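This structure is a prediction, so every number in the text was calculated from the model and none was measured.
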Amino acid sequence: MLAQIVKLVQDAQGSKAPIQRLADVVSSYFVPAVIVISVLTFVAWFVWGPEQAFLFALLNTVAVLLIACPCALGLATPTSIMVATGKGAQSGILIKDAEALEVSGKLNTVVLDKTGTLTQGRHAVQDVVPAEGVSEDDLLRMTAALERSSEHPLAQAIVSAAETRNLVIPKARDFSLRHRHGGAGHGWQGRDLAGNRRMMEEREISLAPMTEVAAQLVEEGKTLTYVVRDGRLMGLISTADVLRPTSKAAVAEFHRLGIEVAMMTGDNWGVARRVADEVGIDLVLAEVLPEHKASEVAKLQRQGKITAMVGDGINDAPALAQADVGIAIDQAPMWPSSPPMLH
């Protein structure tokens, strides 16, 4: 990783921005013209100059070369890029290349991931709602058995809640993760499923017994995990994430700079709208799977927007690769615990 960071900085320092390429083209014509003019200046002063014509001719020739030669065109741009990328690396900001640095000044849209970027990324269980005939502990236990095999923040929150209650969590067999819909596996009594509403709809699981309570929890901005055993809805568990204290100020600063702010998340629309309203987000893109994030960024680009994507670099990798800018921010003050990637 260290070697890759060093290589990234070296490549950025050695790359050429589009404006520098233009400067090189101008210089290729301008420098020979300046040399020709300086030679003509020397000849004119030497032939028609006053006494000590050679001295006047030499001084004016040097003056033409020093003043007219486009040193700034050839030197200022690469020097500024080297200094900027070096200072950025010291501050934990890695720039892909000079073109990314130039494009970043033209940004008019920033797409923010929600979990771990706008929020702290540490979910906590808020409600355990079992179906009739099921206890809260049994519901939490069977869900934790599945979620223990997942690394998703929601799964970790459920496992942590079960451990807090000192529940014995059995080991699920044949566990499989269905993208970001949820997990499936054999529990200690049957075939268990734990996932979001979309997963339940794909499996044609009836959610009717808990439609009202689910709608209320979603309206409160909570994320729901439905739990099913052998095709029967056993209950649901709600979790919620906490906003970072700096997120609202960061979004306000983007607005002050004239940049439109969008939020893209895999969570449901209720959660997304609550977070967006709280921090002042302009555009909300909810229930977007990781493999679809790049296409959402592409849609914004087709509208003529110069986009940047801020995310965790893992689930958001396709969208990060699609965005126009290539800048990685590590340990930035705005996001102190979980460094995002800005591309």
Side-chain angles (χ1 to χ4, degrees), residues 2-110 253-260 301 304-309 321 323-334 341-343:
L2 179 60
Q4 290 174 348
I5 291 175
V6 172
K7 185 177 184 302
L8 184 64
V9 175
Q10 290 175 340
D11 291 345
Q13 291 182 339
S15 62
K16 288 188 177 182
I19 189 64
Q20 186 178 345
R21 298 191 190 99
L22 176 62
D24 291 343
V25 172
V26 173
S27 297
S28 66
Y29 294 99
F30 193 46
V31 171
V34 169
I35 294 175
V36 171
I37 293 173
S38 64
V39 170
L40 294 176
T41 300
F42 180 86
V43 172
W45 277 93
F46 185 75
V47 174
W48 294 290
E51 294 182 6
Q52 299 181 336
F54 177 79
L55 179 60
F56 280 100
L58 182 61
L59 288 174
N60 284 286
T61 298
V62 172
V64 170
L65 286 173
L66 290 177
I67 296 172
C69 190
C71 296
L73 287 176
L75 297 177
T77 303
T79 300
S80 62
I81 290 173
M82 289 188 66
V83 173
T85 52
K87 295 293 288 184
Q90 293 176 9
S91 302
I93 302 173
L94 304 180
I95 300 168
K96 181 180 178 181
D97 52 33
E99 185 173 359
L101 188 62
E102 181 176 336
V103 170
S104 65
K106 304 174 183 177
L107 287 175
N108 54 32
T109 304
V110 171
E253 180 65 14
F254 280 130
H255 287 152
R256 189 188 68 80
L257 295 171
I259 297 175
E260 181 185 13
Q301 292 172 338
K305 300 179 185 294
I306 306 298
T307 59
M309 171 69 193
D324 296 322
V325 184
I327 302 175
I329 302 178
D330 187 10
Q331 298 177 353
M334 178 177 165
M341 297 288 289
L342 168 60
H343 270 260

Can you name the closest pair of heavy atoms from Asn108 and Gly304 and give their distance? ND2-O, 4.1 Å
Non-hydrogen atoms of Ser38 and Leu65 that approach each other most closely: OG-CD2, 3.6 Å
Got a sec, which residues hit side chain to side chain contact (heavy atoms under 4.5 Å, CB included) with [X], two or more places apart in sequence or on another chain?
X	value
Lys106	Glu102
Leu59	Leu55
Ile37	Thr41, Val64
Pro50	Trp45, Phe56

Nearest 0.5 Å, what's the [atom1]-[atom2] distance between [X] and [Y]?
X	Y	atom1	atom2	answer
Leu58	Phe42	CG	CZ	6.5 Å
Leu66	Thr61	CG	OG1	11.0 Å
Thr109	Ile306	OG1	CD1	8.5 Å

